[in-house]
Amino acid sequence: MKRILANRTAQIDASGIRKVFALAAELNDPVDFSIGQPDFDVPDELKEEAIKAIRAGFNKYSQTAGDTILRQKIGERISNEFGWENPAVLVTSGVSGGLLLAFLATINPGDEVIIPDPYFVIYKHVLNLLGGKCVFVDTYPSFQLPLERIGAAVTDKTKMIVLNSPCNPTGAVYSEQSIKALAEITAEKDVLILADEIYERFCYDGPCTSIARYYDKALILRGFSKPYAMTGWRLGFAAAHESLRAVIEEMTKIQQYTFVCAPTPFQKAAIAALDCDVTDSVDEYRRKRDLIYEGLRDKFEVLRPSGAFYAFVRAPGGSGTKFVEEAIRNNVLVIPGNVFSERDTHFRISFATSNEKLQQGVEILRKLA
Ligand code: PMP
């Protein structure tokens, strides 16, 4: 088999998550705190838009860069939000697609990418595939941006800093002040920022600040998966200031030879999604956040998540992996922190599930504390 497989496959290690799923397969109706997708369904009006698009014959390839009307509308929104005139926009197959294209278009072997740790898993594995070098900057225990250490980690090989606010897996939202300060550091060092803002709508304690408000050399990735619960529709977009147009153009070129385009009928529905109000869902998720945080805070070391739908909790006993095995033996699925981190001291809870399951899970976890 070694002769068949490319060497780069050895760069990817999915063992942490596989282990959880193998253990989970034996459970009967578990409390599933492992899944990173909303428990509500796509709003009916958006389902109708997709069906309408299919019936109207939008079933062929779209332009590589995306449906013209959708791109225009995204461009207008980005322009209003960041004051960017004529931003470059590419519709991608989910933010995952956008991340792959962004890294393919920018990372040479040996390039360093600074990533606050804990981090979303895709970054590390795709960068390893491409021969990029991940430079992790530890953010424990506050999970806020360690500005000084990020500044100190920049070398002449630094190509990019990855910013994910609200953050998966910590639920942290970076303060406006720290984002502004980071923009000053990066401007001085002239580094590209890749801002994964897939959870920007899921902000519970005030607005989320995008670095694009303070920094033009920022590549923004946003998605449709989370706010509209359409993870299977595979839609996202990349947007950048005019000065980074070449990056979006190169990403578009690579999309032409890989994904070709994002799913056409869903792009049509996404035009309507941009006007869809998701306040109720976000309010509901704020209540779920409160439920999980209030349910665990006196028994566990946990920070109140300000965004996304995750809590990153310190494992009693100190080992994330051991605690997760114990939780799974008790019918609760959680993910060990080392899947998202160079440390194995925590575990991740996704609170994107029913309130009933949240209550059940809280009760079980409290007994394990
Ligand atoms: N970025 C982050 C931080 C995520 O949590 C996810 C999904 N779990 C993605 C990107 C990818 O989402 P999608 O490809 O569905 O847009």
Side-chain angles (χ1 to χ4, degrees), residues 14 16-17 20-21 32-42 46 66 70 74 89-104 113 115-127 134 136 139 143 160-174 193-203 208 210-211 218-239 251 255 258-259 261-263 266-267 269-270 273-274 278 285 305-312 334-335 337 339-341 348-353:
I17 293 186
V20 172
F21 287 143
D32 192 349
F33 284 168
S34 71
I35 297 185
Q37 61 183 346
D39 70 316
F40 55 92
D41 200 3
V42 176
L46 300 183
L70 177 60
I74 292 169
V89 176
L90 166 66
V91 181
T92 58
S93 282
V95 173
S96 310
L99 283 166
L100 178 64
L101 297 176
F103 290 144
L104 280 168
V113 178
I115 303 175
D117 174 344
Y119 46 80
F120 174 52
V121 273
I122 281 186
Y123 313 143
K124 171 179 171 173
H125 294 294
V126 174
L127 285 165
C134 298
F136 297 111
T139 69
F143 305 131
M160 171 192 282
I161 299 172
V162 175
L163 212 58
N164 173 217
S165 177
C167 176
N168 177 8
T170 64
V173 172
Y174 301 141
I193 298 251
L194 186 148
D196 177 348
E197 299 183 349
I198 190 163
Y199 295 103
E200 45 107 27
R201 297 289 189 90
F202 292 89
C203 262
C208 280
S210 173
I211 187 119
L219 185 61
I220 305 298
L221 299 183
R222 288 188 180 173
F224 294 84
S225 284
K226 313 283 171 166
Y228 314 107
M230 45 178 74
T231 49
W233 288 19
R234 311 309 308 132
L235 283 176
F237 65 86
M251 288 170 67
Q255 172 140 289
T258 51
F259 300 95
C261 63
F266 297 140
Q267 289 192 60
L274 288 171
V278 295
Y285 271 55
S306 292
F309 28 73
Y310 308 104
F312 205 59
V334 283
I335 309 269
V339 166
F340 314 94
S341 176
R348 188 193 77 171
I349 291 176
S350 161
F351 54 82
T353 187

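Each ligand, and each atom within it, is numbered from 1 in the order the structure gives. All values reported here derive from a predicted model rather than from experimental measurement.
No side-chain heavy atom of Phe120 sits under 4.5 Å from any side-chain heavy atom of Val162. In this structure, the side chains of Ile220 and Glu197 come closer than 4.5 Å at one or more pairs of heavy atoms. Here the side chains of Ile198 and Leu221 are not in contact, with every heavy-atom distance at 4.5 Å or above.
Between Phe136 and Tyr119, the ring center distance clears the sub-6.0 Å criterion.
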Donor-acceptor pairs under 3.5 Å, side chain of residues 163-170 to any protein atom, not counting sequence neighbours: which ones?
{"residue": "Asn164", "atom": "OD1", "partner": "Asn168", "partner atom": "N", "Å": "3.1"}
{"residue": "Asn164", "atom": "ND2", "partner": "Pro166", "partner atom": "O", "Å": "3.2"}
{"residue": "Asn164", "atom": "ND2", "partner": "Asp196", "partner atom": "O", "Å": "3.0"}
{"residue": "Ser165", "atom": "OG", "partner": "Tyr174", "partner atom": "N", "Å": "3.0"}
{"residue": "Asn168", "atom": "OD1", "partner": "Arg348", "partner atom": "NH1", "Å": "2.8"}
{"residue": "Thr170", "atom": "OG1", "partner": "Ala172", "partner atom": "N", "Å": "3.1"}

Taking a 3.5 Å cut-off between nitrogen or oxygen atoms, can you list every pair linking ligand 1 to the protein, with distances?
{"residue": "ligand 1", "atom": "1 (N)", "partner": "Asp196", "partner atom": "OD1", "Å": "3.4"}
{"residue": "ligand 1", "atom": "1 (N)", "partner": "Asp196", "partner atom": "OD2", "Å": "2.6"}
{"residue": "ligand 1", "atom": "5 (O)", "partner": "Asn168", "partner atom": "ND2", "Å": "2.8"}
{"residue": "ligand 1", "atom": "5 (O)", "partner": "Tyr199", "partner atom": "OH", "Å": "2.6"}
{"residue": "ligand 1", "atom": "8 (N)", "partner": "Lys226", "partner atom": "NZ", "Å": "2.8"}
{"residue": "ligand 1", "atom": "14 (O)", "partner": "Val95", "partner atom": "N", "Å": "3.3"}
{"residue": "ligand 1", "atom": "14 (O)", "partner": "Ser96", "partner atom": "N", "Å": "2.9"}
{"residue": "ligand 1", "atom": "14 (O)", "partner": "Ser96", "partner atom": "OG", "Å": "2.5"}
{"residue": "ligand 1", "atom": "14 (O)", "partner": "Arg234", "partner atom": "NH2", "Å": "2.7"}
{"residue": "ligand 1", "atom": "15 (O)", "partner": "Ser225", "partner atom": "OG", "Å": "2.7"}
{"residue": "ligand 1", "atom": "15 (O)", "partner": "Arg234", "partner atom": "NH1", "Å": "2.9"}
{"residue": "ligand 1", "atom": "16 (O)", "partner": "Val95", "partner atom": "N", "Å": "2.7"}
{"residue": "ligand 1", "atom": "16 (O)", "partner": "Ser225", "partner atom": "OG", "Å": "3.4"}

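Asp39 and Tyr285 share a donor-acceptor pair across their side chains, judged by distance under 3.5 Å alone.
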